[in-house]
Asker: 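I have a structure here, written as C-alpha coordinates, and I will follow up with some questions on it.
Fair warning: this is a prediction, and the values are worked out from it, not measured in the lab. Heavy-atom basis, side chains included; hydrogens, waters and symmetry copies ignored. Index from 1, following the sequence. Atoms within each ligand, like the ligands themselves, are counted from 1 in listed order.
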Amino acid sequence: MTTNSSHAGRVVLVTGAGQGIGAAIARAFVAQGAAVAVLDLDHERAALTADELEAAGGTAIGVAADVADRASLAAALDRVVHRLGTVDILINNAGISPKHDGAPAPIDAMDEAEWRRVVDVNLTGAFLAAKLVVPAMQAKGWGSIVNMSSVAGRTYFPSIGVHYAATKAALIGFTRHLAGDLGPHGITVNAIAPGRIRTPLIASVPAAVNEAAIQATPLRRLGEPIDVATAALWLTSADAGFVTGQVVDVAGGWLMT
Ligand SMILES: NC(=O)c1ccc[n+]([C@@H]2O[C@H](COP(=O)([O-])OP(=O)(O)OC[C@H]3O[C@@H](n4cnc5c(N)ncnc54)[C@H](O)[C@@H]3O)[C@@H](O)[C@H]2O)c1
(Lines give C-alpha, C1' and ligand atoms only; values in the text may rest on other atoms or scores of the structure.)
Protein backbone atom coordinates (compact mmCIF):
# COMPACT_ATOMS: atom_id res chain seq x y z
CA MET A 1 0.00 0.00 0.00
CA THR A 2 1.27 3.48 -0.87
CA THR A 3 0.88 5.61 2.24
CA ASN A 4 0.54 9.39 2.24
CA SER A 5 -0.15 11.48 5.27
CA SER A 6 -3.08 13.88 4.84
CA HIS A 7 -4.87 12.12 7.73
CA ALA A 8 -1.87 10.91 9.75
CA GLY A 9 -2.70 10.49 13.44
CA ARG A 10 -6.46 10.75 12.91
CA VAL A 11 -8.80 8.13 14.33
CA VAL A 12 -11.62 7.39 11.90
CA LEU A 13 -14.81 5.41 12.51
CA VAL A 14 -16.50 4.17 9.34
CA THR A 15 -19.87 2.46 9.75
CA GLY A 16 -21.00 -0.21 7.29
CA ALA A 17 -17.36 -0.62 6.31
CA GLY A 18 -17.25 -4.38 5.78
CA GLN A 19 -17.82 -4.04 2.04
CA GLY A 20 -18.74 -1.64 -0.75
CA ILE A 21 -18.38 2.12 -0.29
CA GLY A 22 -17.54 1.87 3.42
CA ALA A 23 -14.67 -0.57 2.80
CA ALA A 24 -13.28 1.73 0.09
CA ILE A 25 -13.48 4.67 2.50
CA ALA A 26 -11.66 2.66 5.19
CA ARG A 27 -8.93 1.75 2.67
CA ALA A 28 -8.57 5.36 1.54
CA PHE A 29 -8.17 6.66 5.11
CA VAL A 30 -5.63 4.00 6.01
CA ALA A 31 -3.68 4.90 2.88
CA GLN A 32 -3.56 8.47 4.20
CA GLY A 33 -2.07 7.43 7.52
CA ALA A 34 -5.23 7.28 9.65
CA ALA A 35 -6.11 4.57 12.18
CA VAL A 36 -9.47 3.19 11.10
CA ALA A 37 -12.26 1.37 12.93
CA VAL A 38 -14.12 -0.80 10.43
CA LEU A 39 -17.58 -1.14 11.95
CA ASP A 40 -20.16 -3.49 10.45
CA LEU A 41 -23.19 -5.49 11.45
CA ASP A 42 -21.50 -8.45 9.80
CA HIS A 43 -18.71 -9.44 12.16
CA GLU A 44 -16.84 -11.50 9.59
CA ARG A 45 -16.87 -8.75 6.97
CA ALA A 46 -15.58 -6.19 9.49
CA ALA A 47 -12.77 -8.51 10.56
CA LEU A 48 -11.77 -9.46 7.00
CA THR A 49 -11.62 -5.84 5.85
CA ALA A 50 -9.60 -4.79 8.91
CA ASP A 51 -7.24 -7.76 8.44
CA GLU A 52 -6.68 -6.80 4.80
CA LEU A 53 -5.80 -3.23 5.84
CA GLU A 54 -3.46 -4.42 8.58
CA ALA A 55 -1.80 -6.89 6.22
CA ALA A 56 -1.12 -3.98 3.87
CA GLY A 57 0.70 -2.16 6.67
CA GLY A 58 -2.09 0.07 7.95
CA THR A 59 -3.70 0.48 11.36
CA ALA A 60 -7.25 -0.87 11.44
CA ILE A 61 -9.55 -2.79 13.75
CA GLY A 62 -12.79 -4.56 12.94
CA VAL A 63 -15.75 -3.98 15.26
CA ALA A 64 -19.14 -5.63 15.02
CA ALA A 65 -22.17 -3.53 15.89
CA ASP A 66 -25.66 -2.63 14.76
CA VAL A 67 -25.77 1.15 14.26
CA ALA A 68 -29.48 1.07 15.04
CA ASP A 69 -28.84 -0.32 18.53
CA ARG A 70 -27.48 2.27 20.97
CA ALA A 71 -26.03 -0.27 23.41
CA SER A 72 -24.30 -2.24 20.65
CA LEU A 73 -22.86 0.93 19.15
CA ALA A 74 -21.73 2.29 22.53
CA ALA A 75 -19.94 -0.99 23.33
CA ALA A 76 -18.23 -0.90 19.92
CA LEU A 77 -17.14 2.70 20.47
CA ASP A 78 -15.65 1.77 23.84
CA ARG A 79 -13.50 -0.84 22.05
CA VAL A 80 -12.47 1.71 19.42
CA VAL A 81 -11.47 4.32 22.01
CA HIS A 82 -9.59 1.70 24.04
CA ARG A 83 -7.64 0.44 21.01
CA LEU A 84 -7.20 3.56 18.86
CA GLY A 85 -8.18 6.61 20.92
CA THR A 86 -11.14 8.98 20.64
CA VAL A 87 -12.74 9.39 17.22
CA ASP A 88 -11.71 12.43 15.16
CA ILE A 89 -13.66 11.59 12.02
CA LEU A 90 -17.00 9.78 11.77
CA ILE A 91 -18.28 8.46 8.45
CA ASN A 92 -21.96 7.53 8.83
CA ASN A 93 -22.06 5.16 5.88
CA ALA A 94 -24.14 2.14 6.99
CA GLY A 95 -27.36 1.94 5.03
CA ILE A 96 -29.89 -0.55 3.72
CA SER A 97 -32.26 -0.50 0.77
CA PRO A 98 -34.59 -3.52 0.99
CA LYS A 99 -35.81 -5.01 -2.29
CA HIS A 100 -38.26 -7.78 -3.11
CA ASP A 101 -37.39 -9.71 -6.27
CA GLY A 102 -35.17 -6.79 -7.25
CA ALA A 103 -37.78 -4.07 -6.69
CA PRO A 104 -38.82 -1.91 -3.74
CA ALA A 105 -42.19 -2.59 -2.13
CA PRO A 106 -44.86 -0.01 -3.04
CA ILE A 107 -46.27 1.79 -0.01
CA ASP A 108 -49.43 -0.32 0.21
CA ALA A 109 -47.35 -3.50 0.35
CA MET A 110 -44.53 -2.17 2.54
CA ASP A 111 -44.78 -3.55 6.02
CA GLU A 112 -44.27 -1.28 8.97
CA ALA A 113 -41.38 -3.36 10.31
CA GLU A 114 -39.43 -2.82 7.08
CA TRP A 115 -40.12 0.94 7.18
CA ARG A 116 -38.96 1.15 10.80
CA ARG A 117 -35.80 -0.87 10.17
CA VAL A 118 -34.76 1.39 7.29
CA VAL A 119 -35.36 4.50 9.41
CA ASP A 120 -33.51 2.92 12.35
CA VAL A 121 -30.43 1.95 10.33
CA ASN A 122 -30.16 4.77 7.79
CA LEU A 123 -31.19 7.71 9.96
CA THR A 124 -31.25 6.84 13.66
CA GLY A 125 -27.91 5.04 13.23
CA ALA A 126 -26.31 8.30 12.07
CA PHE A 127 -27.86 10.16 15.00
CA LEU A 128 -26.65 7.60 17.55
CA ALA A 129 -23.11 7.46 16.21
CA ALA A 130 -22.83 11.24 16.09
CA LYS A 131 -24.28 11.56 19.60
CA LEU A 132 -21.64 9.15 20.91
CA VAL A 133 -18.57 10.71 19.25
CA VAL A 134 -19.40 14.42 19.41
CA PRO A 135 -18.50 14.99 23.10
CA ALA A 136 -14.85 13.99 22.49
CA MET A 137 -14.72 16.12 19.33
CA GLN A 138 -16.07 19.10 21.26
CA ALA A 139 -13.49 18.55 23.98
CA LYS A 140 -10.71 18.62 21.35
CA GLY A 141 -12.26 21.53 19.46
CA TRP A 142 -11.93 19.61 16.19
CA GLY A 143 -13.78 16.89 14.36
CA SER A 144 -15.43 16.03 11.09
CA ILE A 145 -18.56 14.05 10.25
CA VAL A 146 -19.72 12.83 6.84
CA ASN A 147 -23.21 11.40 6.37
CA MET A 148 -23.89 9.13 3.40
CA SER A 149 -27.02 10.44 1.73
CA SER A 150 -27.92 9.70 -1.90
CA VAL A 151 -29.17 11.46 -5.00
CA ALA A 152 -32.32 9.51 -4.12
CA GLY A 153 -32.69 11.89 -1.16
CA ARG A 154 -32.92 14.80 -3.59
CA THR A 155 -35.24 13.58 -6.31
CA TYR A 156 -37.50 10.71 -7.37
CA PHE A 157 -36.07 7.39 -8.48
CA PRO A 158 -38.62 4.57 -8.99
CA SER A 159 -35.99 1.88 -8.36
CA ILE A 160 -35.72 2.66 -4.64
CA GLY A 161 -38.30 2.55 -1.84
CA VAL A 162 -40.11 5.43 -0.18
CA HIS A 163 -38.44 4.54 3.16
CA TYR A 164 -34.96 4.77 1.63
CA ALA A 165 -35.71 8.09 -0.11
CA ALA A 166 -37.19 9.52 3.09
CA THR A 167 -34.13 8.63 5.17
CA LYS A 168 -31.65 9.92 2.60
CA ALA A 169 -33.54 13.24 2.38
CA ALA A 170 -33.66 13.39 6.19
CA LEU A 171 -29.89 12.92 6.38
CA ILE A 172 -29.49 16.15 4.42
CA GLY A 173 -31.54 18.08 6.99
CA PHE A 174 -29.65 16.29 9.77
CA THR A 175 -26.34 17.31 8.18
CA ARG A 176 -27.26 20.99 7.81
CA HIS A 177 -28.67 21.33 11.31
CA LEU A 178 -25.75 19.56 12.94
CA ALA A 179 -23.28 21.65 10.92
CA GLY A 180 -24.92 24.77 12.36
CA ASP A 181 -24.87 23.44 15.91
CA LEU A 182 -21.32 22.08 15.84
CA GLY A 183 -19.55 24.73 13.74
CA PRO A 184 -18.76 26.88 16.79
CA HIS A 185 -16.93 23.83 18.24
CA GLY A 186 -14.67 23.49 15.19
CA ILE A 187 -16.53 20.44 13.88
CA THR A 188 -17.53 20.18 10.21
CA VAL A 189 -20.53 18.13 9.10
CA ASN A 190 -21.16 17.37 5.43
CA ALA A 191 -23.04 14.84 3.34
CA ILE A 192 -22.18 12.92 0.21
CA ALA A 193 -24.92 12.06 -2.28
CA PRO A 194 -23.65 9.21 -4.42
CA GLY A 195 -25.27 8.33 -7.72
CA ARG A 196 -25.23 4.70 -8.78
CA ILE A 197 -22.08 3.11 -7.35
CA ARG A 198 -20.90 -0.39 -8.22
CA THR A 199 -21.28 -2.30 -4.89
CA PRO A 200 -23.18 -5.37 -3.64
CA LEU A 201 -26.09 -3.00 -2.78
CA ILE A 202 -26.97 -2.51 -6.45
CA ALA A 203 -26.28 -6.09 -7.50
CA SER A 204 -29.76 -7.21 -6.42
CA VAL A 205 -31.63 -5.14 -9.01
CA PRO A 206 -32.23 -6.14 -12.65
CA ALA A 207 -29.31 -5.25 -14.95
CA ALA A 208 -31.65 -2.96 -16.94
CA VAL A 209 -31.99 -0.65 -13.92
CA ASN A 210 -28.25 -0.13 -13.72
CA GLU A 211 -28.00 0.25 -17.51
CA ALA A 212 -30.69 2.94 -17.44
CA ALA A 213 -28.75 4.74 -14.71
CA ILE A 214 -25.61 4.70 -16.86
CA GLN A 215 -27.52 6.19 -19.80
CA ALA A 216 -28.93 8.93 -17.54
CA THR A 217 -25.42 9.74 -16.23
CA PRO A 218 -23.51 12.26 -18.36
CA LEU A 219 -20.21 10.51 -17.57
CA ARG A 220 -21.83 7.25 -18.85
CA ARG A 221 -20.62 4.85 -16.21
CA LEU A 222 -21.42 3.55 -12.77
CA GLY A 223 -19.45 5.17 -10.00
CA GLU A 224 -16.77 3.15 -8.21
CA PRO A 225 -16.53 3.04 -4.39
CA ILE A 226 -13.20 4.89 -4.62
CA ASP A 227 -14.99 7.84 -6.28
CA VAL A 228 -16.99 8.27 -3.07
CA ALA A 229 -14.01 7.55 -0.83
CA THR A 230 -11.92 10.38 -2.30
CA ALA A 231 -14.77 12.83 -1.65
CA ALA A 232 -14.91 11.66 1.98
CA LEU A 233 -11.15 12.12 2.30
CA TRP A 234 -11.32 15.67 0.97
CA LEU A 235 -14.31 16.70 3.10
CA THR A 236 -12.49 15.61 6.25
CA SER A 237 -9.09 17.04 5.29
CA ALA A 238 -7.52 20.33 6.35
CA ASP A 239 -8.06 21.51 2.74
CA ALA A 240 -11.83 21.46 3.34
CA GLY A 241 -11.59 23.11 6.76
CA PHE A 242 -14.00 25.93 5.74
CA VAL A 243 -16.57 23.60 4.13
CA THR A 244 -19.53 22.59 6.28
CA GLY A 245 -23.24 21.89 5.91
CA GLN A 246 -22.79 20.89 2.26
CA VAL A 247 -24.03 18.01 0.15
CA VAL A 248 -21.47 16.84 -2.37
CA ASP A 249 -22.94 14.84 -5.25
CA VAL A 250 -20.66 12.07 -6.51
CA ALA A 251 -22.92 11.01 -9.33
CA GLY A 252 -21.25 11.58 -12.69
CA GLY A 253 -23.51 14.57 -13.32
CA TRP A 254 -26.70 12.52 -12.92
CA LEU A 255 -28.50 15.23 -10.98
CA MET A 256 -27.26 18.76 -11.49
CA THR A 257 -29.06 20.89 -8.92
N1 LIG B 1 -24.27 1.78 -4.04
C2 LIG B 1 -24.96 2.84 -4.42
O3 LIG B 1 -25.29 2.99 -5.61
C4 LIG B 1 -25.33 3.91 -3.43
C5 LIG B 1 -25.91 5.09 -3.93
C6 LIG B 1 -26.25 6.09 -3.03
C7 LIG B 1 -26.03 5.93 -1.67
N8 LIG B 1 -25.47 4.78 -1.22
C9 LIG B 1 -25.28 4.66 0.23
O10 LIG B 1 -23.93 4.36 0.53
C11 LIG B 1 -23.85 3.57 1.71
C12 LIG B 1 -23.06 2.31 1.43
O13 LIG B 1 -23.69 1.63 0.37
P14 LIG B 1 -23.05 0.34 -0.32
O15 LIG B 1 -23.53 0.37 -1.72
O16 LIG B 1 -21.60 0.25 -0.03
O17 LIG B 1 -23.85 -0.79 0.48
P18 LIG B 1 -23.50 -2.33 0.77
O19 LIG B 1 -24.81 -3.00 1.00
O20 LIG B 1 -22.59 -2.85 -0.27
O21 LIG B 1 -22.69 -2.25 2.14
C22 LIG B 1 -23.30 -1.78 3.31
C23 LIG B 1 -22.61 -2.35 4.52
O24 LIG B 1 -23.33 -1.83 5.67
C25 LIG B 1 -23.50 -2.90 6.59
N26 LIG B 1 -24.67 -2.66 7.43
C27 LIG B 1 -25.98 -2.82 7.08
N28 LIG B 1 -26.76 -2.57 8.12
C29 LIG B 1 -25.95 -2.24 9.17
C30 LIG B 1 -26.18 -1.90 10.52
N31 LIG B 1 -27.42 -1.87 11.01
N32 LIG B 1 -25.12 -1.63 11.31
C33 LIG B 1 -23.86 -1.69 10.83
N34 LIG B 1 -23.57 -2.02 9.55
C35 LIG B 1 -24.62 -2.29 8.73
C36 LIG B 1 -23.66 -4.15 5.74
O37 LIG B 1 -23.37 -5.34 6.48
C38 LIG B 1 -22.67 -3.88 4.61
O39 LIG B 1 -21.38 -4.41 4.89
C40 LIG B 1 -25.30 3.31 2.13
O41 LIG B 1 -25.69 4.26 3.10
C42 LIG B 1 -26.08 3.53 0.86
O43 LIG B 1 -27.41 3.90 1.09
C44 LIG B 1 -25.12 3.76 -2.05
Asker: Testing Val36, Leu39, Asn93, Val38 for side chain to side chain contact (heavy atoms under 4.5 Å, CB included) with Leu13, which one passes?
Answerer: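 Of Val36, Leu39, Asn93, Val38, side chain to side chain contact (heavy atoms under 4.5 Å, CB included) with Leu13 is met by Leu39 alone.
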
Asker: Among the clusters formed by ILVMFWY side chains lying less than 4.5 Å apart, do Val209 and Val151 turn up in the same one?
Answerer: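 Different hydrophobic clusters.
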
Asker: Kindly write out the residues that satisfy side chain to side chain contact (heavy atoms under 4.5 Å, CB included) with Ser97, not counting sequence neighbours, or none if the list is empty.
Answerer: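 Ser97: side chain to side chain contact (heavy atoms under 4.5 Å, CB included) contacts with Lys99, Ile160, Tyr164, Leu201.
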
Asker: With a 3.5 Å cut-off and sequence neighbours excluded, list the donor-acceptor pairs that the side chains of residues 231-239 form with protein atoms.
Answerer:
from, atom 1, to, atom 2, distance (Å)
Thr236, OG1, His7, NE2, 3.0
Thr236, OG1, Ala232, O, 2.9
Thr236, OG1, Leu233, O, 3.1
Ser237, OG, Trp234, O, 2.7
Ser237, OG, Asp239, N, 3.3

Asker: Does anything in residues 167-222 pair up under ring-ring contact (aromatic ring centres under 6.0 Å, His included), and if so which pairs, sequence neighbours excluded?
Answerer: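 Listed by first then second residue: nothing to list.
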
Asker: Are Ile89 and Leu73 linked, directly or through other ILVMFWY residues, by side chains that come within less than 4.5 angstrom of each other?
Answerer: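 Hydrophobic grouping puts Ile89 apart from Leu73.
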
Asker: Identify, chain by chain and in numerical order, each protein residue with a heavy atom under 4.0 Å from an atom of ligand 1.
Answerer: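 For ligand 1, the contacting residues are Gly16, Gln19, Gly20, Ile21, Asp40, Leu41, Arg45, Ala65, Asp66, Val67, Asn93, Ala94, Gly95, Ile96, Arg117, Val121, Met148, Ser149, Ser150, Tyr164, Lys168, Pro194, Gly195, Arg196, Ile197, Thr199, Pro200, Leu201, Ile202.
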
